[in-house]
Amino acid sequence: MSWLTEQLSLLNEFLSSDFRRLVRRCALGMLLAALLGFLASVLWAERMAAVIDALFSSLLESGAVDESGGLDLFALLMNNWRAMLTSALYGLIPFLFLPVLSLLVNGAMVGIVGAMYVLSGLSPLYFLAGILPHGILELPAIVLSAACGVYLCRNMCRLVTSSPKRIPMVEVLGDLLRVLVLLVAPMTVAAALIECCVTPAVMGLLA
């Protein structure tokens with residue numbers, strides 16, 4: 001227990017550092033991407049519908065969703081973990097800041113899906129019922145994993161350029177691992193459980 005207490009203390013200290021500023025910027029970026037995705041769907045509905053079809057096809061291939069729209073908890077969880085871990089690991093590539101791209105794509109997809117609901121004549125409340133129960137946890141987890149990737153990429157840039165602001169990689173990886181294991185992973189598990197068990201019931205009430 002003392003080890004876990006120590007890790008939680010180190011996590012809290014890291015979250016209080018300039019990493020918090022990165023998280024806020026990533027959250028803002030995701031929100032703006034969602035708004036742009038919504039606007040693009042209103043202006044180019046047919047093209048965005050094709051994007052939704054491609055997304056559903058990828059989920060079918062992953063096994064997270066079946067053809068009837070049913071969710072597989074384990075496959076969904078593995079798919080989400082893989083996506084978030086990949087987003088963080090993109091930070092190992094210096095200068096490109098690929099985690100930002102992953103974040104913006106996720107944000108845009110939220111906006112596109114929301115617009116498709118509205119354009120289909122469905123109530124905005126129905127869309128919110130389909131995303132908020134699990135999104136309260138899943139969306140922050142996406143932001144945190146992307147922020148981890150941005151933080152890692154920034155330090156990789158500093159290492160390559162021998163910047164005096166660079167941080168030893170052992171320290172960086174330790175801090176980011178705590179975020180991913182102690183925050184992102186539990187949030188993702190809870191979100192997957194809610195998405196499979198609670199979200200369908202809430203949407204059913206508004207159907």
Side-chain angles (χ1 to χ4, degrees), residues 8 10-42 48 51 55 76-77 79-118 124-125 127-158 165 167 172-173 175-195 198-199:
L8 291 173
L10 290 171
L11 173 63
N12 184 61
E13 181 180 339
F14 179 63
L15 293 175
S16 300
S17 68
D18 68 332
F19 180 74
R20 176 181 295 181
R21 185 165 60 251
L22 285 180
V23 172
R24 289 173 178 169
R25 290 177 178 176
C26 286
L28 178 59
M30 189 174 189
L31 176 60
L32 291 175
L35 293 174
L36 289 175
F38 186 93
L39 179 60
S41 296
V42 172
M48 294 302 104
V51 172
L55 173 63
L76 179 65
L77 186 57
N79 184 67
N80 289 346
W81 269 348
R82 181 169 56 251
M84 292 184 193
L85 183 60
T86 300
S87 178
L89 290 177
Y90 277 153
L92 288 170
I93 304 173
F95 304 114
L96 298 182
F97 287 93
L98 293 177
V100 175
L101 177 61
S102 176
L103 177 76
L104 296 180
V105 168
N106 277 288
M109 290 307 303
V110 172
I112 292 170
V113 172
M116 291 296 103
Y117 271 78
V118 173
L125 288 177
F127 165 68
L128 293 177
I131 193 171
L132 280 185
H134 64 277
I136 289 175
L137 293 173
E138 185 175 337
L139 296 179
I142 292 173
V143 169
L144 282 170
S145 61
C148 285
V150 172
Y151 186 87
L152 178 58
C153 185
R154 185 181 68 179
N155 197 62
M156 289 296 296
C157 295
R158 290 172 175 175
K165 294 183 178 180
I167 304 171
V172 169
L173 294 177
D175 286 330
L176 298 183
L177 192 59
R178 289 185 194 95
V179 174
L180 293 173
V181 173
L182 298 178
L183 271 183
V184 173
M187 292 169 72
T188 307
V189 171
L193 286 168
I194 294 172
E195 187 171 2
V198 178
T199 299

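The structure presented is a predicted model; accordingly, all values stated were derived computationally and were not measured. Positions are given from 1 along the sequence.
Residue M30 forms a side chain to side chain contact (heavy atoms under 4.5 Å, CB included) with just one option from I142, V105, L35, and that option is I142.
Going from atom CG of L96 over to atom SG of C153 covers 7.0 Å, rounded to the nearest 0.5 Å. Once rounded to the nearest 0.5 Å, the distance linking CG of N106 with CE of M84 reads 7.5 Å. Taking CZ of F97 as the start and CZ of R154 as the end, the distance is 8.0 Å to the nearest 0.5 Å. Atom CG of L176 sits about 11.0 Å away from atom OG of S145, to the nearest 0.5 Å. The line from CG of L137 to CG of L132 is 11.0 Å long, rounded to the nearest 0.5 Å. Note that the CG atom of N80 and the CG atom of L76 stand 4.5 Å from one another [nearest 0.5 Å].
Surrounding CZ of F19 are more than 12 heavy atoms belonging to other residues, nucleotides or ligands, all under 6.0 Å away.
Partners of R178 under the side chain to side chain donor-acceptor pair (under 3.5 Å) rule, at least two apart in sequence or in another chain, are Q7, D175.
Considering all non-hydrogen atoms of both residues, L104 and A33 come closest at O-CB, 3.4 Å. Here the closest non-hydrogen pair linking M156 and G91 is CG-O, 3.5 Å. Taking each heavy atom of L77 and A192 in turn, the nearest pair found is CD1-CB, 4.1 Å. Across all their heavy atoms, T199 and A129 have their closest contact at CG2-O, 3.6 Å. Annotation for P99 and A146: closest pair CB-O, 3.7 Å, computed over non-hydrogen atoms. Considering all non-hydrogen atoms of both residues, V143 and L103 come closest at CA-CD1, 4.1 Å.
W81 is listed as a side-chain neighbour of V189, based on a closest heavy-atom distance under 4.5 Å. For the pair V118 and F38, the minimum side-chain heavy-atom distance is below 4.5 Å. For the pair L183 and L15, the minimum side-chain heavy-atom distance is below 4.5 Å. Contact check for E195 versus E138: side-chain heavy atoms found under the 4.5 Å cut-off. Side-chain contact check for L139 versus H134: every heavy-atom pair is 4.5 Å or farther apart.
Electrostatic pairing of K165 and D18 does not count as a salt bridge here, judged by no charged N lying under 4.0 Å from a carboxylate O.
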- Query: Run the side-chain contact (heavy atoms from CB on, under 4.5 Å) check on V150 and R25 step by step: do they pass?
  - Reply: CA-CA 10 Å; V150 172; R25 290 177 178 176; over 6 Å; no
- Given V113 and I131, is the side-chain contact (heavy atoms from CB on, under 4.5 Å) satisfied, shown in steps? CA-CA 10 Å; V113 172; I131 193 171; over 6 Å; no
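Ring-centre distance between Y151 and F14: below the 6.0 Å cut-off.
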